[in-house]
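Written out below as structure tokens is the structure these notes cover.
Throughout, protein chains are lettered first and strands after them, A, B, ... in sequence-line order, and every chain is numbered starting at 1.
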Amino acid sequence: MGCSLSSCCGDSPDQNGEPSERTTLLSDPVASSGTEQRIPSDELSGSYCSSVPKKSDEQSVMNKILHETATNVIDVAALGPHAIEQNEYLERKNFYQIKVGPHLNLPWLHTGAYDKCILFDIPDPERIVASLPISISDYNLMCKMTADVSKAMEGLTVNHKEDLIVPFQIP
Amino acid sequence: MEANLEAELYEIMKTDGVTGAILSDEHGLCLLASPDVKPEMAGILSAIVQHASMIDNRNENPVINFEGDSRQCLIKKEGSVTTAIFKKIS
């Protein structure tokens with residue numbers, strides 16, 4: 001224990017030169033650096049007071065911030081319809097109508113092409129989608145009929161009444 | 001020769017609500033058609049069946065139902081024959 005203390009304390013023994021229970025483990029850096037670097041409290045308070053801006057400076061800084069903000073902000077509300085004069089407004093309106101008008105009169109918009117579409121929206125799709133796609137009776141009818149037709153088709157044979165191959169009368 | 005097929009078509013036409021029927025072969029050619037059904041429709045019906053059969057591999061011959069407000073068209077292929085029946089919705 002004594003050895004470890006002495007190694008930690010380094011060259012800071014007590015007055016007798018030997019470590020005791022009151023010997024600090026780490027040496028005081030302020031104390032070791034010397035008393036001439038200590039700043040007196042009154043001097044410290046004086047420097048603090050000089051670093052705080054005065055009221056007039058604060059006001060000027062505030063004004064500067066406000067000015068910068070005002071120059072960077074575009075006030076849309078201030079640029080409202082009042083900024084446009086009536087004749088300019090009408091002029092712009094006519095200009096827009098001339099530019100947009102041809103596109104509004106495209107033939108496919110007004111020829112009723114939508115009415116000619118085979119597929120179109122239905123008002124209540126859930127009712128139709130949720131309904132049974134085909135009734136059981138129709139399904140059974142189709143299965144029976146097609147089976148009978150297929151059977152009849154398999155039994156289809158050519159019943160010839162005349163010779164299928166007619167020899168030419170080669171002289 | 002085709003008496004059996006004609007008899008089957010006659011049977012189909014006798015079914016309640018059926019207004020027309022048409023039979024087509026695997027090439028979309030008309031085999032038999034009732035008087036008020038155009039034989040040219042056979043190709044379209046075969047093409048519809050061909051496309052519908054590709055939807056579900058497990059069901060090669062599905063029953064296709066086109067339904068309107070008052071009429072419906074049922075199509076099904078069996079073997080090499082495609083049968084289409086037009087019905088009134090009661």
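For a residue to count as touching a neighbouring chain, one of its non-hydrogen atoms must lie under 4.5 Å from one of that chain's; by this rule B:T82 does not touch chain A. For B:I12, the parts lying under 4.5 angstrom from a heavy atom of chain A are both the backbone and the side chain. With a 4.5 Å cut-off on non-hydrogen atoms, B:E11 touches chain A through its backbone but not through its side chain. Interface remark: B:E8 contributes side-chain atoms only to the contact with chain A (heavy atom separation under 4.5 Å). Heavy-atom distances place the backbone of B:I75, and not its side chain, under 4.5 Å from chain A.
The pair A:D138-B:K87 meets the salt-bridge criterion, with a side-chain N (NZ, NE, NH1 or NH2) lying under 4.0 Å from an Asp/Glu carboxylate O.
Here the CG-OG distance, from B:N61 to B:S53, works out to 7.5 Å after rounding to the nearest 0.5 Å. Atom CD of B:Q72 is separated from atom OG of A:S135 by 6.5 Å, given to the nearest 0.5 angstrom.
Looking at A:N140, its side chain does come within 3.5 Å of a backbone N or O of A:I136 through a donor-acceptor pair.
The choice from B:L74, B:T15, B:D25 that makes the most heavy-atom pairs within less than 4.5 Å of chain A is B:L74.
Minimum heavy-atom separation, B:A21 to B:V37: N-CG2, 3.8 Å.
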